[in-house]
Amino acid sequence: PTSAQESFQNWHETRNSVHYLLALFGRLVAAVPYVRNDGKSERALEEAVVQVVESYLDSMLSSVGQVVNSGYDDPLDDAGGLLEQMERLPVICRYKYTQVGQILLDRFDPIMATYQTAIASASTVNMSSQDREKLEVLEGQLSWLVYVIGSVVGGHSWSTSHLDDGEETIDAGLSRRVFQCVQLVDFRCCQTRGAGRCRVSLESAFLFYFQNFRRVYMFMWEQSSVSASKLDAAPTTKQKVYKRMFECMAMGDHTAVANLIVTKVGNNLKYWPEDEDVVSKTLELFYDMASGYSSSKLLLTLDTVKYLMMNHTDQHFPFLSVPSNVRHRTLFHATLTRLMFSSTAEDMPLPFETFIEPICNTLGQLGQLNQQELRQENVKPALIGVLRDLRGIAQSLHNRRTYLMLFDCLFPSHFPLLVRAAEVWHADPAVTTSLLKFLHEFVYNKANRVNFEQSSPNGILLFRTTSATVCAYGNNSLAFHAQHQVPENEAYKLKYKGYSLALDVLVAALSGNYVCFGVFQLYQDPALDQALDVALRMSLSINLEDVMAYPKLSNSYFSFLEVLFRSHISVVLKLNTDTLMQILNAVHEGLQSSDAPLSSICATTVDHLATFYFNNAGKPKDEARSLTEHLSRQPGLFDSLTSTLFNLLLFGSASNHWAVMRPMLSLMLASERSFIVYKEGLMATQSSDNQRLLGDEFDKLLKDVVKSLESQNRDRFTQRLTAFRVAARAFLTL
């Protein structure tokens, strides 16, 4: 361990190798159960591990003073390196946990006592530079200790082989120190109304500890809530360990500890509004706590959580009004909504209408503004904020009951504002991104939540509003970009991102299965045609190179085309041949993408086209006649698609061959000539022996395959294609 100790002491020169040294000793410890134990070597390893941990800890504690006095880069600011070190520590520390736990306590207690004395005598108004430096060093040292304790506590194992070791009592002793430190820091912060905040690294350390504590002990809270009679009858070993942990912590039961954590969350959101990193980590912790079934039930019993639900405005939590935190508003409201709906309707902590009232009030105020007033710059933050809040709420609605609660609050009174906002702010990505992301979430029918009564017109009305909003954005944006050149390095941010989101909105609405789209044509309502027209014009305005260059854009682009060919192919076939070929050339390019999901979407699009042609060729339909005319102008279309699909099957990567199989049967049936042309072309490139083998494989491929696109025939042909691929690849030469 001597070399490791020297490296730790010279941390500023060896900072990039510290985690490698910890990993080395972690490997040695992990190998102990698998090597022959001669006693001597094991004792040597035990002594070495304790020495290494002690040296590491002392070196990191001394590094704080060196950073303050000498100006070295603070290792606490290196999030990646710090996390790597924390990941290595649990295996090492818990190997001789009794000794390591005592080392941590011996370092923590005196530093904590000194810190208590220092903040008791320090003034937040006229603090001397010497006192400020002393506090900074103490808080830095506490940061290291809390990080290490969080890492070690997070390494607790619930496996039966470790439950009788008594390690939970060591966890309890260390955790008690951390919670006492949290209470001390929070008391000072609240007393000074945020002026006496600790350094950021200590806050980050607290949040790191809470995440690890939550991961290890919070999943047991449900079991601790079992009726007393059941616990008295036959408490399990895990329940005994869990109970002993909280008894030894002496901070109250699990409810009291949960309340301490949530109180810390609330104080962070109130007193750290300007620090995006602290706000982000705090909200992630809150969301993770609310995500568990048992922990969410527990959180709902806490007064702090009820306060958050009733006061989720920037008057109470200033972080909501800070522009850099705007994306965090979504997670904040998603968490609160998730908590609210984790209970039954009768047990909800407050009515949903009361919860959403501040948001509806803001929407009402914005809705009363005329176009000129809505265009004012000071209106933009409120508009973005309320849309982010609504998106967070919509994200946490997972069934029909909860979705209809939000729908009834917003529709129809507040939806005209979305159309007006799209018209006014079409050229501002900050507004359009918030608007379109909320709209996409709202029309997305996940878990069949958008499910109206059979006699309700709400599905049609929802799509009409969606169409109006997308058209307002699309038409104005297309006109704007026709007159203004966008810098190439900002094309995605200023133009393509909005187009991508608008296409996502339409894909979700068109494939939601809550609208009978035939109604629009029947009653001559232009909403559907206008939406598809705008979406097509946006799609066609994007260069294919740019489509393939941006993954999110390409996914939106090809997903829209797939829905279009699946359910609205008549719209596509009304286009002129050049425009249709532009679309199909894009699909052809996407088909050859190395991104398997993208290639699969394009293959499905080809299948829709070929299936339509096979099922409708020769029938007296306008769409069938249009497609026949297009094919007469481009006779090589099916040939090129068939050739590409077979080449991908035979010579492409294995991860992609399932994606390209589906359209092969429909293409072969739609154009038998294209299959014969490809077969003859491929055989011409092979030797005579290979030609004979390849001919046999093609014969096997077509055996018992009938001219039908029924699922049974498709499945049989897919199985044959798989066998054909394996057999042909064994002898084919390029």
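Values below: every heavy atom of this structure, side chains too, minus hydrogens, waters and symmetry copies.
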Taking it one step at a time, do N212 and V153 satisfy side chain to side chain contact (heavy atoms under 4.5 Å, CB included)? CA-CA 7 Å; N212 282 278; V153 169; 5.6 Å; no

Begin from the C-alpha positions of L339 and F286 and carry the test side chain to side chain contact (heavy atoms under 4.5 Å, CB included) through to its verdict. CA-CA 10 Å; L339 280 172; F286 190 34; 3.7 Å; yes

With side-chain hydrogen bond (donor to acceptor under 3.5 Å, both in side chains) as the test, would you mind laying out the steps for E168 and Y242 before giving the verdict? CA-CA 8 Å; E168 73 282 352; Y242 179 82; over 6 Å; no

Is there a salt bridge (charged side-chain N to carboxylate O under 4.0 Å, His left out) between E203 and K264? Walk through the geometry before answering. CA-CA 10 Å; E203 278 298 336; K264 180 62 180 169; 2.6 Å; yes

Could you walk me through whether R197 and E274 pass the salt bridge (charged side-chain N to carboxylate O under 4.0 Å, His left out) check? CA-CA 12 Å; R197 297 184 308 188; E274 303 290 343; over 6 Å; no

Between E87 and S151, does a side chain to side chain contact (heavy atoms under 4.5 Å, CB included) hold up when you go through it step by step? CA-CA 7 Å; E87 288 174 349; S151 172; over 6 Å; no

Go through the steps for L145 and L57 under the test side chain to side chain contact (heavy atoms under 4.5 Å, CB included), then give the verdict. CA-CA 8 Å; L145 288 166; L57 196 59; 4.1 Å; yes

In sequence, state the C-alpha distance, the side-chain angles, and the governing distance for R88 and Q85, and then conclude on side-chain hydrogen bond (donor to acceptor under 3.5 Å, both in side chains). CA-CA 5 Å; R88 310 296 182 186; Q85 294 175 31; over 6 Å; no

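Salt bridge E276/K281: absent, no basic N to carboxylate O contact under 4.0 Å. A salt bridge is defined here as a Lys NZ or Arg NE, NH1 or NH2 lying under 4.0 Å from an Asp or Glu carboxylate O, and E247 with K240 fails to meet this definition. Classification of R15 and D78 as a salt-bridged pair fails, no side-chain N sitting under 4.0 Å from a carboxylate O. With salt bridges taken as basic N to acidic carboxylate O contacts below 4.0 Å, one links R107 and E54. Ionic pairing of D74 and R199 is present here: one or more N-O contacts between side-chain nitrogen and carboxylate oxygen are shorter than 4.0 angstrom.
A donor-acceptor pair under 3.5 Å links the side-chain atoms of H312 to the main chain of F355, judged by distance alone. Of the possible donor and acceptor atoms, one in the side chain of T330 sits under 3.5 Å from a partner among the backbone N and O of R388. Of the possible polar contacts, none joining the N325 side chain to the H328 backbone as a donor-acceptor pair under 3.5 Å is found. Remark: the backbone N or O of D277 is not paired with any side-chain donor or acceptor of S280 at under 3.5 angstrom. Checking side-chain atoms of K446 against main-chain N and O of Q395 turns up a donor-acceptor pair under 3.5 Å. Panel note: side chain T335, backbone L331; a donor-acceptor pair is recorded below 3.5 Å. Between the side chain of S295 and the backbone N or O of M289, at least one donor-acceptor pair lies under 3.5 Å. Proximity of a side-chain donor or acceptor of S70 to a complementary backbone N or O of Y72 within less than 3.5 Å is not detected. Side chain of T301 to backbone of K297: no donor-acceptor contact under 3.5 angstrom is found. Without hydrogens or angle criteria, S175 side chain to A172 main chain gives no donor-acceptor distance under 3.5 Å.
Judged purely by distance below 3.5 Å, without hydrogens or angles, the side chains of D131 and S128 pair a donor atom with an acceptor atom. In summary, the side chains of Q191 and R188 do not present any donor paired with an acceptor at a separation below 3.5 Å, with no hydrogens or angles considered. With no hydrogens or angles considered, no side-chain donor-acceptor pair links S321 and D314 at under 3.5 Å. No side-chain donor-acceptor contact under 3.5 Å links S55 and D58. For Q315 and T313, the side-chain atoms include at least one donor-acceptor pair closer than 3.5 Å. There is a side-chain donor-acceptor pair under 3.5 Å between D106 and Q102. Residues S143 and S201 have side chains that bring a donor and an acceptor to within less than 3.5 angstrom of each other. Side-chain N/O atoms of D504 and H440 include no donor and acceptor closer than 3.5 Å. Between the side chains of Q141 and Y115, no donor N or O sits under 3.5 Å from an acceptor N or O.
How far NE2 of H12 is from OG of S59: 11.0 Å, rounded to the nearest 0.5 Å. Of the inter-residue distances, the one linking L300 atom CG with F341 atom CZ reads 11.5 Å to the nearest 0.5 angstrom. W11 contributes atom CH2, which lies 8.0 Å from atom OG of S62 (distance to the nearest 0.5 angstrom). Taking CD1 of I92 as the start and CG of L22 as the end, the distance is 5.0 Å to the nearest 0.5 Å. Atoms CH2 and CG, from W144 and L76 in turn, are 5.0 Å apart once rounded to the nearest 0.5 Å. If you take CD on E46 and OG on S41, they are separated by 9.5 Å, rounding to the nearest 0.5 Å.
Taking the side chain as every heavy atom from C-beta outward, D275 and W272 approach each other to under 4.5 Å. Residues S342 and Y293 have side chains not in contact (no heavy-atom distance under 4.5 Å, counting atoms from C-beta outward). L207 places a side-chain heavy atom less than 4.5 Å from the side chain of N268. Counting heavy atoms from C-beta outward, I170 and L174 have side chains that approach closer than 4.5 Å. Side-chain contact between V152 and P90 is absent, with no heavy-atom pair separated by less than 4.5 Å. Within the 4.5 Å cutoff, the side chain of S343 has heavy atoms near those of the P349 side chain. Residues C181 and F206 meet the side-chain proximity criterion, which asks for heavy atoms closer than 4.5 Å. Using a 4.5 Å cut-off on side-chain heavy atoms (C-beta onward), N267 and C190 make contact.
Aromatic rings from H156 and Y217 are positioned such that their centres are separated by under 6.0 Å. With ring centers used as reference points, F179 lies under 6.0 Å from F213. For F319 and F332, the ring centers sit closer than 6.0 Å to each other.
Taking the six-membered ring for Trp and thresholds of 30 and 60 degrees, F8 and Y56 have ring planes more than 60 degrees apart, a perpendicular arrangement.
Counting heavy atoms of neighbouring residues, nucleotides and ligands inside a 6.0 Å radius, atom CZ of R27 does not exceed 12 of them. More than 12 heavy-atom neighbours from other residues, nucleotides or ligands sit within 6.0 angstrom of OH on Y307. Atom OH of Y550 has more than 12 heavy atoms from other residues, nucleotides or ligands within 6.0 Å.
Across all their heavy atoms, Y209 and G150 have their closest contact at CD1-CA, 3.6 Å.
Both tests pass for R94 against the ring of Y97: distance under 6.0 Å to the centre and angle within 45° of the axis.
Partner of F210 under the side-chain contact (heavy atoms from CB on, under 4.5 Å) criterion, chosen from V146, V265, L260, V182: V182.
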